[in-house]
J.: 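First the structure, then my questions, so here it is.
Note: hydrogens, waters and symmetry copies are ignored here, and every other heavy atom, side chains too, is used.
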Amino acid sequence: VVAGIMGGNISVATAAVADITGEKDRAKGMGMIGAAFGLGFILGPAIGGMLSSVDLTDAGLPGLNRFSAPALAALGLTVWNLVWVKFRLPETLSSEQRGTRPAHARSLNPLRLFTGHNLPAGVSGTNLLFFLYQTAFAGMEFTLVFVAKERLGYKPHQMMWIFIFVGLLIALVQGGVVRRLAPKLGERRLVRVGLLMLIPGLLIVGWAQTELPFYGGLALLAIGSALVSPCLSALVSLYTPGDRQGEVLGVFRSVGALSRAIAPIIAGLVFWKLGSQWPYYGSALVMLAPLLLSARLPTPGNE
């Protein structure tokens with residue numbers, strides 16, 4: 001519950017980037033956020049893996065366990081973030097430019113996230129696409145460590161190499177490729193390219209029994225997701241008036257959070273009942289739906 005409440009900072013950060021970037025540079029800005037996530041995928045598991053060897057249970061303090069050192073490090077980074085935002089991050093939108101819609105105009109019904117209720121044109125379709133894509137992708141993420149343990153015999157400290165590999169590719173693609181290709185090809189086309197890469201990536205990881213095809217499939221998944229995620233964020237932002245960026249991008253992120261809550265349950269049941277390959281084959285099948293939906297998205301103002 002606490003993590004879910006505090007997760008709202010991502011929506012605010014995304015809206016801040018939307019405020020300070022022009023329409024042609026919107027995907028670049030979203031790509032830089034994605035690159036930051038990619039670097040976090042590299043540094044986070046590495047730091048956590050190293051600190052997991054620090055045992056604080058001998059300190060004699062109540063509540064400590066073998067994972068207390070990584071948790072305390074995360075707490076320290078969070079406090080540092082809070083202080084930095086307080087003193088170094090300026091307001092990106094003046095009070096005159098902010099939305100004035102009353103709170104009762106927003107619906108708590110999650111089904112209305114996909115119906116166009118009080119949402120700008122194009123946003124509800126993008127929300128549905130993002131929900132289906134994120135559900136399929138998050139199911140893969142959730143079961144990945146189980147596959148690595150079952151097929152490759154990975155121990156906990158070896159799992160960090162998976163996240164370092166994926167995070168490095170995401171950071172490179174979102175920090176360099178997206179910001180260069182989005183102005184030339186457009187966000188909708190990059191979304192389709194990314195989705196097309198994800199389908200064979202899922203099939204290969206589901207089939208792989210050795211490290212070479214396993215990491216080959218992961219490469220397709222990392223590059224595909226690195227194209228899809230920032231471009232969908234950019235599309236939602238481009239469909240939305242300037243005074244509603246925070247509100248609509250917050251809804252968009254809520255759709256992602258909903259999918260990440262559902263996906264582990266579905267993927268976990270499929271993994272343990274049907275076999276380790278079926279969450280990936282099933283996700284590849286689901287990924288066809290957002291691929292078809294991407295062709296129906298309206299043209300944003302920058303294309």
Side-chain angles (χ1 to χ4, degrees), residues 1 3-4 6-11 14 30 33-34 36-38 40-42 44-45 110 113-114 126-150 159-160 162-163 165-167 169-171 173-174 191 194-206 208 214 217-233 236 249-291 293-294:
V1 171
M6 301 305 169
N9 63 342
I10 306 301
S11 301
T14 306
M30 299 304 172
I33 290 182
F37 269 88
F41 263 82
I42 299 169
L113 299 175
F114 312 108
T126 309
N127 282 349
L128 179 58
L129 191 161
F130 183 53
F131 175 78
L132 293 170
Y133 150 74
Q134 189 70 12
T135 300
F137 192 80
M140 176 278 299
E141 284 184 304
F142 176 75
T143 57
L144 196 59
V145 292
F146 300 121
V147 170
K149 182 178 186 299
E150 179 182 293
M159 298 294 182
M160 73 175 185
I162 295 175
F163 296 100
F165 177 76
V166 171
L169 284 176
I170 290 175
V173 173
Q174 293 190 339
V191 167
L195 291 171
L196 283 170
M197 296 181 72
L198 288 168
I199 294 172
L202 288 164
L203 293 174
I204 291 171
V205 172
F214 179 76
L218 282 183
L220 289 174
L221 292 174
I223 296 170
S225 66
L227 294 175
V228 173
S229 295
C231 289
L232 287 179
S233 297
V236 168
L249 283 167
V251 171
F252 176 75
R253 291 292 176 183
S254 296
V255 169
L258 180 63
S259 67
R260 294 184 71 85
I262 294 171
I265 300 172
I266 299 173
L269 288 172
V270 172
F271 185 99
W272 297 113
K273 295 293 185 182
L274 301 180
S276 61
Q277 72 274 27
W278 287 106
Y280 301 87
Y281 296 161
S283 292
L285 183 62
V286 172
M287 205 67 76
L288 293 173
L291 181 61
L293 285 171
S294 66

J.: Kindly write out the residues that satisfy side chain to side chain donor-acceptor pair (under 3.5 Å) with S259, not counting sequence neighbours, or none if the list is empty.
T.: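 Side chain to side chain donor-acceptor pair (under 3.5 Å) list for S259, sorted by chain: empty.
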J.: Heavy atoms, side chains only, cut-off 4.5 Å: are V286 and F137 in contact?
T.: no
J.: To the nearest 0.5 angstrom, please state how far the CG atom of L232 sits from the CG atom of N127.
T.: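 Spacing of CG (L232) from CG (N127) equals 9.5 Å.
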J.: Provide the closest heavy-atom pair for S233 versus L249 in the form atom of the first, atom of the second, distance.
T.: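 For S233 versus L249, the nearest heavy atoms are O-CD2, 3.9 Å.
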J.: Taking the side chain as every heavy atom from C-beta outward, state whether L144 and V205 have any pair of such atoms under 4.5 Å apart.
T.: yes
J.: Quick one: salt bridge (charged side-chain N to carboxylate O under 4.0 Å, His left out) partners of R260, sequence neighbours excluded?
T.: E141
J.: Taking ring-ring contact (aromatic ring centres under 6.0 Å, His included) as the test, write out the residues that go with F142, two or more places apart.
T.: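 ring-ring contact (aromatic ring centres under 6.0 Å, His included) check on F142 returns F146.
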J.: Of all heavy-atom pairs between A267 and P279, which one has the smallest distance, and what is that distance?
T.: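 That would be O-CG, 3.8 Å.
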J.: List the residues meeting side chain to side chain contact (heavy atoms under 4.5 Å, CB included) with L132, not counting sequence neighbours, and say none if there are none.
T.: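 Once residues adjacent in sequence are excluded, the partners of L132 under the side chain to side chain contact (heavy atoms under 4.5 Å, CB included) criterion are L128, A289, P290, L293.
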J.: Begin from the C-alpha positions of F130 and V191 and carry the test side chain to side chain contact (heavy atoms under 4.5 Å, CB included) through to its verdict.
T.: CA-CA 10 Å; F130 183 53; V191 167; over 6 Å; no
J.: The criterion is side chain to side chain contact (heavy atoms under 4.5 Å, CB included); which residues satisfy it with A171, sequence neighbours excluded?
T.: L39
J.: Which pairs with one or both residues in residues 279-291 pass side chain to side chain donor-acceptor pair (under 3.5 Å), sequence neighbours excluded?
T.: T143-Y280
J.: Passes side chain to side chain contact (heavy atoms under 4.5 Å, CB included), I162 versus L218? Steps please.
T.: CA-CA 8 Å; I162 295 175; L218 282 183; 3.9 Å; yes
J.: Does I199 have any side chain to side chain contact (heavy atoms under 4.5 Å, CB included) partners at least two apart in sequence or in another chain, and if so, which?
T.: L203, A284, M287, L288, L291
J.: Output all residues satisfying side chain to side chain contact (heavy atoms under 4.5 Å, CB included) with A36, sequence neighbours left out; order by chain, then residue number.
T.: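 Expected list: none.
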J.: For residues 221-231, which side-chain N or O atoms pair as donor and acceptor with protein atoms under 3.5 Å away, sequence neighbours left out?
T.:
unit_1 : atom_1 : unit_2 : atom_2 : d
S225   : OG     : L221   : O      : 3.0
S225   : OG     : A222   : O      : 3.0
S229   : OG     : Y133   : OH     : 3.1
S229   : OG     : S225   : O      : 3.3

